[in-house]
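The next block holds one structure in the form of structure tokens; read it before the comments.
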Amino acid sequence: MFSRNIYVARRQRLIKSVKDGILLFLGNSEAPSNYADNQYIFRQDSTWLYYFGIDQPDMAAVIDVESGQETIFGNDVDIDDIIWMGPQPLVASRAEEVGVAGTAPLSELEKVVKAALAKGRKVHFLPPYRYRNMMLLHSLLGIPFDRLKTEASVEFIKAVVEMRLVKEPCEIQQIDIACNLGYAMHMAATQIMKPGMLEQDIVGVMEGVVISGGYMVSFPTILSQNGETLHNHSHHQILTEGRLTVIDAGAEIASHYCSDFTRTLPSGGRFTQQQKEIYTIVSEANNLALGLARPGISYKDVHLAASRLMLQGLKNLGLVKGDVDEAVAAGAAGLFMPHGLGHNMGLDVHDMENLGENYVGYDDTVTRSSQLGLGSLRMARVLKPGNVVTDEPGIYFIPALIDKWKAEGTCKDFIAFDKLDAYRSFGGIRIEDDLLITENGARLLGSKRLPRTVEEVENAMSEE
Ligand code: GLY
Ligand code: MN
């Protein structure tokens, strides 16, 4: 948790961006996995953490925008809780640590919200994503379940997004720590990977590094020799010489700040010539984005520049034809990279995605494309100092997608479909770093960069 004045200043700034009414914040509750007392690891809501810091289940808060009055709602533990969980600080003392003077039992929340509604005041709430909070909002506000997301307060969402998009120095320090743990996680994989091991063996070692050094993985680990499946969570294959393994994994530390790195390793320690050629294009695109990212450029333009570089590289190999700028404009890159270049990262690995991707990654100046790939770009805005984004270009050969485009004639003037037959079992390559936008450029987060070039990767894998 940060110091009290950080949370006080954030809340003071927040209420200046909202005209009137009350702001309703809901923390998360424990979530059962297979029966009530067997729960998933507790994960607090990130916006709650940002404004109130308290990493405990079953809490809510109300800020009265006009009077400035702040109240945290939560129940003190009873003797039964103490027997099972040990003594816990009182809600009032937790609230005091984050500069909130008013506290009340959770049962009081309903009275406060209903009193505001009775006076015709606006109750601002954020889009819920957990069923328990949907039920709570439904019972507090009477809004049908299927309208809870659309009736969330756009004013509140935009105010939160503007603040959380620009990271404070204390947050950057935490993200650097999360990146260092992510680095250790990936290096563990790089150093042990050998043909004959199971993909799951590597997953276990990587997640062990995170659990012993942090809180949990920042998202379910993606590790597969079928890297052409973008989010492949099946880890049952035996590592085989000549194949590539995509590893997309990150760490979440105790403060809940995240990292997210991807590396693509040759399962046997050495790239084939064909793999080197494609790998080099992706690593150059990753480096190009690092060099271009700076305040004033939109991340959509960085995505397009990386796409251009990749299409030029594929043209040099004979897989793409025609004018490269026209190929970019036609969306030909989507065949090879059907995802965006990156996303915001912070307290969530896809930061604030629960508030709505278009509010987070887009604004009045940048609109979402409908093209495959570019249309999945989660962060398209003009960059500002303090933004934290991922830089994750990739090239994948997805047989079903190639067949579909070929049959439909999609981008037929730009894709040499006949040359793609030799790549049908190639898999995919993705390389991801985490960037902080600085005053005049961007820097890599974490103190060391994971091995990235062909030579760096092969050397790191051959070290005993
Ligand atoms: N690291 C997974 C993703 O960015 O979607
Ligand atoms: Mn990512």
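One-based numbering, in listed order, for ligands and for the atoms of each.
For the Mn ion (ligand 2), protein N, O or S atoms under 2.8 Å: 4 in total.
His138 and Phe145 have parallel rings, their planes meeting at less than 30° on a 0 to 90° scale where 60° marks the start of perpendicular. Using a 30° and 60° split on the angle between ring planes, Tyr279 and Phe271 fall in the tilted class, from 30° to 60°.
In terms of N/O distances under 3.5 Å, ligand 1 is approached by His350.
Side-chain contact between Glu392 and Ile431: absent, with no pair of heavy atoms (C-beta onward) separated by less than 4.5 Å. Taking the side chain as every heavy atom from C-beta outward, Ile297 and Val382 never approach each other to under 4.5 Å.
The aromatic ring centres of Tyr396 and His339 sit less than 6.0 Å apart. In summary, the aromatic rings of Phe156 and Phe125 are positioned with their centroids too far apart to meet the 6.0 Å limit.
Closest protein heavy atom to atom 2 (C) of ligand 1: Asp248 OD2, 3.4 Å.
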Going through the checks in order, is the salt bridge (charged side-chain N to carboxylate O under 4.0 Å, His left out) test met by Asp413 and Lys321?
CA-CA 7 Å; Asp413 296 336; Lys321 56 191 183 180; over 6 Å; no
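Below 4.0 Å from some heavy atom of Phe219 lie the following atoms of ligand 1, by number and element: 1 (N), 2 (C). Ligand 1 places these atoms under 4.0 Å from at least one heavy atom of His343: 4 (O).
A salt bridge between Glu252 and Arg43 is present, with a side-chain N of the basic residue lying under 4.0 Å from a carboxylate O of the acidic one.
In this structure, His231 is part of the shell of residues with a heavy atom less than 4.0 angstrom from ligand 1.
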